[in-house]
Amino acid sequence: MRIKRLFIWTIAVSLFFGLAYLFGYSKLLVVKQIEIKGVSDLTSISSVINKKALHLKEGEQLARVDIKGSEREFRNLGWISSVKVRRNWLNRTVAIDINPRIPLAQVSGPDMAANSFIDKTGTIFAPPIGPQDLPSISLANPSLSSVASVFISEIPNDLLKIMKGLRIDSSGSAKMEISVGKKGLTINWGNSHQIALKIAIYNRLIALPENQNISKIDLENPANPVVKQ
């Protein structure tokens, strides 16, 4: 009986060390290929790919690839919204699926980098390549980013196209500068409360013939809008 138990124990230990060698040291299960989706310029993620501790290299042991650590490092880049790193044991590949943040506007304010942008969640980030021709937003402080995202996501595209800038003060009130023909128009939206109603009122006011030459619209109180020449 003891001999049988010793035999089973020997087989188990041998199997354990055999599997440990196969997954940890054998050349049979090394990374054959790394597939990256979601980014076209690999230099933007090279700081993560080149981290030795993550083992994200062809020829590395598949078992040593740090899946969770890699995902965490990618998210730390800031401009990545979500990422999934997967191992495929059959074809010996590592797949990296990256979803970059979509910038809605360029944003500026205290303690912000020159190439800062904002997405629909109100997250401020610096993409590898700053997109051109996006509207600009000025924030009194970074904590107002969620307020900015409400305005920029609710304002219709035809209005965004003629927007020269949007300023949000410390109280959360927004003033927008737009180009109408050869002249400018200032819109005081007030806060983001009832923004859909304010946009509808703006559209009705701007369509009136007597308002073709106005320079300011105050929509802070949508029940009592004010226009100025």
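Every value quoted in this text rests on a predicted model; they were computed, and no experiment measured them.
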Q: Treat each ILVMFWY residue as a node, draw an edge where side-chain heavy atoms are under 4.5 Å apart, and state whether Ile67 and Leu62 are in one component.
A: yes

Q: Treat each ILVMFWY residue as a node, draw an edge where side-chain heavy atoms are under 4.5 Å apart, and state whether Trp89 and Leu56 are in one component.
A: yes

**Q.** Shortest non-hydrogen contact from Val85 toward Ser70
**A.** CG2-CB, 4.2 Å

Q. Are Leu197 and Tyr202 connected in a single hydrophobic cluster, I mean Ile/Leu/Val/Met/Phe/Trp/Tyr linked by side-chain heavy atoms less than 4.5 Å apart?
A. yes

Q: Applying side chain to side chain donor-acceptor pair (under 3.5 Å), run through Lys84 and Asn99 and close with a yes or a no.
A: CA-CA 9 Å; Lys84 186 69 177 177; Asn99 292 313; over 6 Å; no

**Q.** Any Thr43 side-chain heavy atom under 4.5 Å of Pro128 side chain
**A.** no

Q | Val31 side chain near Arg92 side chain, heavy-atom distance below 4.5 Å | A | no

(Q) If I compare all heavy atoms of Gln106 with all of Leu134, which pair ends up nearest, and what's the gap? (A) N-CB, 4.3 Å

Q) Can you check side chain to side chain contact (heavy atoms under 4.5 Å, CB included) on Ile178 and Met176, steps first, answer last? A) CA-CA 6 Å; Ile178 65 173; Met176 178 187 289; 3.5 Å; yes

Q.
Closer than 3.5 angstrom, by distance alone: can the side chain of Thr123 be matched with the main-chain N or O of Asp119 as a donor-acceptor pair?
A. no

Q: Could you tell me which non-hydrogen atom of Glu60 sits nearest to which non-hydrogen atom of His55, and how far apart they are?
A: OE1-ND1, 3.1 Å

Q. Going from CD on Glu73 to CD1 on Ile45, what distance comes out if it is rounded to the nearest 0.5 angstrom?
A. 12.5 Å

Q: Please confirm whether the backbone N or O of Val65 pairs with a side-chain atom of Arg87, one donor and one acceptor, at under 3.5 Å?
A: yes

Q. When you check the gap from the basic side-chain N to the acidic O, do Asp66 and Lys51 get nearer than 4.0 Å?
A. no

Q: Give a yes or no answer on whether the side chain of Ser145 reaches the backbone of Gly122 with a donor-acceptor pair at less than 3.5 Å.
A: yes

Q) When rounded to the nearest 0.5 angstrom, what distance separates CD1 in Ile162 from CG in Leu159? A) 5.5 Å

**Q.** Donor-acceptor contact below 3.5 Å, side chain Lys198 vs main chain Trp189
**A.** yes

(Q) Could you check whether atom CG of Leu208 has more than 12 heavy atoms from other residues, nucleotides or ligands sitting under 6.0 Å from it? (A) yes

Q: For residues Leu104 and Ser153, report the shortest heavy-atom separation together with the two atoms involved.
A: CD1-CB, 4.5 Å

Q: From the options Asn224, Asn188, Thr186, select the one residue that forms a side-chain hydrogen bond (donor to acceptor under 3.5 Å, both in side chains) with Asp218.
A: Asn188

Q) Got Thr93 and Arg86 here, is their nearest side-chain heavy-atom distance under 4.5 Å? A) no

Q) So, do Ser136 and Val107 sit near enough that their side-chain heavy atoms are less than 4.5 Å apart? A) no

Q. Is there any salt bridge (Lys or Arg N to Asp or Glu O under 4.0 Å) pair reaching into residues 150-173, and which pairs are they, with sequence neighbours excluded?
A. Arg167-Glu177

**Q.** Ile49 vs Leu42 side-chain heavy atoms within contact, under 4.5 Å
**A.** no

**Q.** Exceeds 12 heavy-atom contacts within 6.0 angstrom, atom CG of Asp111
**A.** no

Q: Would you please test Leu54 and Val48 for side chain to side chain contact (heavy atoms under 4.5 Å, CB included) and show each step?
A: CA-CA 8 Å; Leu54 300 178; Val48 175; 3.8 Å; yes

Q) Which value, rounded to the nearest 0.5 Å, describes the distance between Ile118 atom CD1 and Ser146 atom OG? A) 8.0 Å

Q | Heavy-atom check, side chain of Leu219 versus side chain of Ile187, under 4.5 Å | A | yes

Q) Gln33 versus Asn91: any side-chain heavy-atom pair under 4.5 Å? A) no

Q) Any sub-3.5 Å donor-acceptor pair from Glu220's side-chain atoms to Pro225's backbone N or O? A) no

Q: Identify the two heavy atoms, one from Ile137 and one from Ala105, that lie closest to each other, and give their separation to 0.1 Å.
A: CD1-CB, 3.8 Å

Q: Measure across Met112 and Pro142 and return the closest heavy-atom pair with its distance rounded to 0.1 Å.
A: CE-CA, 3.7 Å

Q) Is there a side-chain contact between Ile102 and Lys120, using heavy atoms and a 4.5 Å cut-off? A) no

Q. Within the side chain of Gln212, is there an N or O that forms a donor-acceptor pair under 3.5 Å with the backbone of Ile206?
A. yes

